[in-house]
Amino acid sequence: MRLYATVAAGGFRRHATYRVATAAGVFTNTVFGFILSYTYIALWDERPRLGGYSMDDALAYVWIGQALITVCGMMGGGFEDELIERIRTGDIAVDLYRPADLQTWWFSANAGRSAFQLLGRGVAPMVLGWLAFRFTLPSGPGGLLAFLVAVALGSTVSFAIWYLVAMSAFWLLDGQGVVQVAWLGGLFFSGMLLPLNVFPGALGEVARVLPWASLLQVPADVYLGTYEGWGLAGAYAFQGAWAVVLFGAGRAAQAAAARKVVVQGG
């Protein structure tokens, strides 16, 4: 465990060195937050309580999305390109022979990255957005803690998705096609464009049970106090179940990849 804690700390420090990139990310997230906020204001003026959200709730949803876009990897996990490149060049064979589990190693590194992104690119846009729009805040320290737990679970599900995406490069000539599909899926089905509660009919029902809902929709609803008691436990169970399923799939893909490396090496 000490090894993986060190890897996580290294992931945090690695991303903390990119101060200019972090500042640029805060600026970009804030600008898009303002654009989406005024779009949502116009939409909620025409359709009050759309999706069950008040205007203040809808604005909070916008800024939660901007805070979590890199934390929960809606548009990329932040590590898959590097892992795909190691697979493409064959350097992954060295990683598989190391006395450390490949999946846990990358998970730890990604956990450090997510922690930094939450502090570096998540807090500042939320504060600036609240100063401008005074949106809904969590219901006390307990509500904030419940939200952070949902964010941690969402980041875990995100890692599991992007790890599977990266593993696909073992069997494809180029993993970028799968990356683009996952990027579009994450952007649409996480609720980044519009809350999944707004999606009509069967589309909404399907979207709300896909793993991408764990990345933004569930944490946002936890933040807004939609879930209480057993409902909150159910939300966590939804995220946790997807994490277990996707981690298991990633583990199976890793084992198959290891066998392939052994066969080719032999």
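FYI, side chains are in, hydrogens and waters are out, and symmetry mates aren't considered; it's all heavy atoms of this structure. Just so we're clear, the structure is a prediction, and the values are computed from it rather than from any experiment.
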Q: Run the side-chain hydrogen bond (donor to acceptor under 3.5 Å, both in side chains) test against Thr89 and tell me which residues pass, sequence neighbours left out.
A: Asp91
Q: Under 4.5 Å between side-chain heavy atoms, chaining through other members, with only Ile, Leu, Val, Met, Phe, Trp and Tyr counted: pull out the rest of the cluster around Val94, sorted by chain and number.
A: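 For Val94, no cluster forms, as it stays isolated from other hydrophobic side chains.
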Q: Enter the distance from Leu118:CG to Ser155:OG here, rounded to the nearest 0.5 Å.
A: 9.0 Å
Q: Is the shortest side-chain heavy-atom distance between Phe107 and Tyr163 below 4.5 Å?
A: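 No; the side chains remain at least 4.5 Å from each other.
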Q: Would you mind reporting whether Ser114 and Thr156 have side-chain heavy atoms less than 4.5 Å apart?
A: no
Q: Are the side chains of Phe170 and Gln254 in touch, meaning some heavy atoms are under 4.5 Å apart?
A: no
Q: Using salt bridge (charged side-chain N to carboxylate O under 4.0 Å, His left out) as the criterion, list what pairs up with Asp95, not counting sequence neighbours.
A: Arg86, Arg98
Q: Do Leu68 and Met126 come within less than 4.5 Å of each other through their side chains, counting heavy atoms only?
A: no
Q: Sort and list the pairs that fulfil salt bridge (charged side-chain N to carboxylate O under 4.0 Å, His left out) and have at least one residue in residues 13-29, not counting sequence neighbours.
A: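 Residue pairs with at least one partner in residues 13-29: Arg14-Glu82.
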Q: For residues 20-37, dump all side-chain donor-acceptor pairs below 3.5 Å to protein atoms at least two apart in sequence or in another chain.
A:
| residue | atom | partner | partner atom | Å |
| --- | --- | --- | --- | --- |
| Thr22 | OG1 | Tyr18 | O | 2.9 |
| Thr28 | OG1 | Ala24 | O | 2.9 |
| Asn29 | OD1 | Arg121 | NH2 | 3.3 |
| Asn29 | ND2 | Gln66 | O | 3.2 |
| Thr30 | OG1 | Val26 | O | 2.7 |
| Ser37 | OG | Gly33 | O | 2.7 |
| Ser37 | OG | Trp63 | NE1 | 2.9 |

Q: Please tell me whether Phe135 and Tyr61 form a close aromatic pair, meaning their ring centres lie under 6.0 Å apart.
A: no
Q: Test of understanding: with side chain to side chain contact (heavy atoms under 4.5 Å, CB included), list the residues that count as partners of Ala150, not counting sequence neighbours.
A: Pro219, Val222, Tyr236, Gln239
Q: Can you sort out the partners of Val127 under side chain to side chain contact (heavy atoms under 4.5 Å, CB included), two or more places apart, ordered by chain and number?
A: Val123, Leu131
Q: Could you point out which residue of Asp101, Val7, Thr6 forms a side-chain contact (heavy atoms from CB on, under 4.5 Å) with Ser108?
A: Val7
Q: Please list all pairs meeting salt bridge (charged side-chain N to carboxylate O under 4.0 Å, His left out) that have one or both residues in residues 51-75, counting only residues at least two apart or in different chains.
A: none
Q: Is the shortest side-chain heavy-atom distance between Tyr223 and Leu144 below 4.5 Å?
A: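 Heavy-atom side-chain distance check fails, nothing below 4.5 Å.
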Q: Using a 3.5 Å cut-off and no angle test, enumerate the donor-acceptor pairs between side-chain atoms of residues 183-197 and protein atoms at least two apart in sequence or in another chain.
A:
| residue | atom | partner | partner atom | Å |
| --- | --- | --- | --- | --- |
| Trp183 | NE1 | Met75 | O | 3.3 |
| Ser190 | OG | Gly186 | O | 2.5 |
| Ser190 | OG | Met192 | N | 3.3 |
| Asn197 | ND2 | Tyr53 | OH | 2.9 |

Q: By the rule that ILVMFWY residues connect when side-chain heavy atoms come within less than 4.5 angstrom, directly or transitively, which residues belong alongside Trp230?
A: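 Other cluster members: none.
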Q: Is Pro48 close to Met55 at the side-chain level, that is, under 4.5 Å between some pair of heavy atoms?
A: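 No, every pair of side-chain atoms sits at 4.5 Å or beyond.
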Q: My understanding is that only residues two or more places apart in sequence, or in another chain, count here; which of them pass ring pair (Phe, Tyr, Trp, His ring centres under 6.0 Å) with Tyr40?
A: Trp44
Q: Among residues two or more places apart or on two chains, list those pairs meeting side chain to side chain donor-acceptor pair (under 3.5 Å) that have a residue in residues 204-215.
A: none
Q: Counting only heavy atoms not in Glu228 (residues, nucleotides, ligands), do more than 12 fall under 6.0 Å from its CD?
A: no
Q: Check whether any side-chain heavy atom of Pro211 lies under 4.5 Å from a side-chain heavy atom of Ile161, and answer yes or no.
A: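 Answer yes - side chains close enough.
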